[in-house]
Student: 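Before I ask anything, let me first share the structure, which is written out below as structure tokens.
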Amino acid sequence: MIDLKYIQNNFEEASLRLQKKGVDTSTLEKLKILFSSLKEANATLESMKAEQNSMSKLFGQYKREGKDISELKAKVDANKEAMVPAQEKARNAEEALYAVALAIPNFPDDSVPNGADEDDNVEIRKVLEPRSFEFKPKEHWELSEINGWIDFERGVKLAKSRFAILKGEASRLERALINFFLDMNRQKGFEEYSVPFINNATMLQGTGQLPKFGDDLFKIEDEDLYLIPTAEVPLTNMYNDEILSEKELPLLMTGYTPCFRKEAGSAGRDTRGIIRQHQFNKVEMVAIAHPDKSDEVFELMVQNASDILTALGLPHRLVELCGGDLGFSAATTIDLEVWLPGQNQYREISSISNTRDFQARRAKIRFKDGKKNRLVHTLNGSSLAVGRTIVAIMENYQNEDGTIDIPEVLHKYM
RNA sequence: CGGGAGAUGUCAGAGUGGUCGAAUGUGCCGGUCUUGAAAACCGGUGAGGGUAAUACCUCCGGGGGUUCGAAUCCCCCUCUCCCGGCCA
């Protein structure tokens, strides 16, 4: 969540910053009004409560002294009755405020480029030269057919569209990749975790998926539980509502999980192949960092993801997202896009974000800074999306007859 | 899924209607003592909101209720532990 006090005290600046992310001033205006009316309602209610408390204390005193309490009781009863509407007002004000506040995205960093959508993203650099083919490279679903790697039809039969089955060598490749990614992350200092794939609503709110993006989540029937859309949710929220000591920062975590997404609003996009599935595997990095150190950690994460692609011999580029393409919780994001010769384009394979204190404020993750408690910075990034890495290997390592070579670094894993 | 017990500050653990944001111990921070450390002794030490700073408000698993007043009484829920069932 964004800092409401900051909005109140620096409205113009806040409004300008959020415009980059497409939030219009009227929404912020509304938020500001709701915030002041909450403060006003609370002030009224609290002074009534204070009065009630002091009268109640007197009550006890009078009784002990054997004094007459009928007059006091009348006063106290009247005040109590008067408190009911004040209470109602304060509760409504709070509800109204959070309904708006929780749906406002994070401030983008000042360094984030302006822009409306992915066309305005800024390429930072390319890594590795795409190989030149003496034949027309095939797309991964064509290669799948030749090698019998992916069973789309039976995946759909088991669940529904956008589910698939990996078979034989493809399945073993997936397992190898997961292990390879985790090992690479561990070498960079990320501690490995195996976490629940189902989390409750509080945690989803902590990282920003709820309440606004509930439509993208698979919910467990009759339970306050959801299938996780990314390991970012459980890893970050491990420290939900905790106060850390400064010396344990930064916490660097990694974990493999399947991810479940409804892909609402993606109808018609990437319907062929396994680029966009309702269930996919991913190895994730999450960091909880001191606010002054989160930029360093961010660099480490970006470099690590890029190094993994390089080790696999996969050409890729780093792209800085513009304001309009930035995710809800992110203050800054760098995407890694891998070269797909079959598609003849770069496609997203990793997304690394610094959310600053946005998630920390929602999830109440703090650290002791001397005597004070301060919000941490949280960061997350894929290292990497497993399914898309398989696609990238298929297309980049294909031979003219459709067979696929396995990258050198993976040999010991298969 | 059925039966029983419980949920209080870092942890342990008192507290059954007002003087309780909460005894005591422990941990942590600071000090005295010491060449230094330990021990001993002294002091400090929960979270959120509010304020210029005080006041002040909220929080004893969560929600509701009784009462002038609730950690304490009542109801619902969640979780933990023990016993049984089921099961990788």
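Just so we're on the same page: letters track the sequence lines, and every chain starts at 1.
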Student: Would you mind pulling out the nucleotide paired to B/rC41, Watson-Crick or G-U wobble, both distances under 3.5 Å?
Tutor: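 Paired with B/rC41, as far as the under-3.5 Å criterion goes, is B/rG31.
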Student: Enumerate the ring-ring contact (aromatic ring centres under 6.0 Å, His included) contacts for residues 236-265 of chain A, please, sequence neighbours excluded, ordered by first and then second residue.
Tutor: none
Student: Counting primed atoms plus P, OP1 and OP2 as sugar-phosphate and everything else as base, spell out the protein contacts along nucleotides 56-63 of chain B at 4.0 Å heavy-atom distance: B, S or - for each nucleotide, 5' to 3'.
Tutor: SSS-----
Student: Going by atom types only, do A/Thr27 and A/Asp24 share a side-chain donor-acceptor pair under 3.5 Å?
Tutor: yes
Student: Which nucleotide, in any strand shown, forms a Watson-Crick or G-U wobble pair with B/rG69, with both distances under 3.5 Å?
Tutor: none
Student: Go through the structure and list residues passing side-chain hydrogen bond (donor to acceptor under 3.5 Å, both in side chains) with A/Asp77, not counting sequence neighbours.
Tutor: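 A/Asp77: side-chain hydrogen bond (donor to acceptor under 3.5 Å, both in side chains) contacts with A/Lys73.
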Student: Scan for ring-ring contact (aromatic ring centres under 6.0 Å, His included) pairs involving residues 61-110 of chain A, sequence neighbours excluded, and state none if there are none.
Tutor: A/Tyr6-A/Phe107
Student: Does A/Lys39 put a side-chain nitrogen or oxygen below 4.0 Å from OP1 or OP2 of B/rU51?
Tutor: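 Checking A/Lys39 against B/rU51: at least one side-chain N or O falls below 4.0 Å of OP1 or OP2.
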Student: Just distance, no hydrogens or angles: give the donor-acceptor pairs under 3.5 Å from side chains in residues 152-168 of chain A, sequence neighbours left out.
Tutor:
| residue | atom | partner | partner atom | Å |
| --- | --- | --- | --- | --- |
| A/Arg154 | NH1 | A/Asp151 | OD2 | 2.8 |
| A/Arg162 | NH1 | A/Arg269 | O | 3.2 |
| A/Arg162 | NH1 | A/Asp270 | O | 3.4 |
| A/Arg162 | NH1 | A/Arg276 | O | 3.2 |
| A/Arg162 | NH2 | A/Ser266 | O | 3.0 |
| A/Arg162 | NH2 | A/Arg269 | O | 3.1 |

Student: Atom pairs under 3.5 Å, N or O on each side, protein against nucleotides 76-80 of chain B: can you list them with distances?
Tutor:
none

Student: Listed by chain and number, what are the side chain to side chain contact (heavy atoms under 4.5 Å, CB included) partners of A/Ala305, not counting sequence neighbours?
Tutor: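 Applying side chain to side chain contact (heavy atoms under 4.5 Å, CB included) to A/Ala305 gives A/Met285, A/Leu336, A/Ser350, A/Ile352, A/Leu384.
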Student: Could you go through residues 222-231 of chain A and list every donor-acceptor pair under 3.5 Å that involves a side-chain atom there, pairing it with any protein atom two or more places apart or in another chain?
Tutor:
| residue | atom | partner | partner atom | Å |
| --- | --- | --- | --- | --- |
| A/Thr230 | OG1 | A/Glu232 | N | 3.0 |
| A/Thr230 | OG1 | A/Lys282 | NZ | 2.8 |

Student: With C1' as the reference atom in both, quote the distance from B/rG46 to B/rU8 in angstrom, rounded to an integer.
Tutor: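 Their C1' atoms lie roughly 12 Å apart.
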Student: If the condition is side chain to side chain contact (heavy atoms under 4.5 Å, CB included), which residues does A/Lys80 pass it with, not counting sequence neighbours?
Tutor: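 By the side chain to side chain contact (heavy atoms under 4.5 Å, CB included) rule, A/Lys80 matches A/Gln52.
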Student: Determine all donor-acceptor pairs shorter than 3.5 Å in which one atom belongs to a side chain in residues 318-334 of chain A; sequence neighbours excluded.
Tutor:
| residue | atom | partner | partner atom | Å |
| --- | --- | --- | --- | --- |
| A/Asp325 | OD2 | A/Asn121 | ND2 | 2.9 |
| A/Ser329 | OG | A/Thr207 | O | 3.1 |
| A/Thr333 | OG1 | A/Ser353 | OG | 2.7 |

Student: Within residues 77-101 of chain A, find the residues that approach RNA chain B with a heavy atom at under 4.0 Å, and present them sorted by residue number.
Tutor: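 Nucleic-acid contacts, sorted: A/Asp77, A/Lys80.
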Student: A/Asp241: which residues meet the salt bridge (charged side-chain N to carboxylate O under 4.0 Å, His left out) condition with it, sequence neighbours left out?
Tutor: A/Arg366
Student: For B/rC68, does either OP1 or OP2 sit under 4.0 Å from a side-chain N or O belonging to A/Lys63?
Tutor: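 No, because none of the side-chain N or O atoms of A/Lys63 sits under 4.0 Å from OP1 or OP2 of B/rC68.
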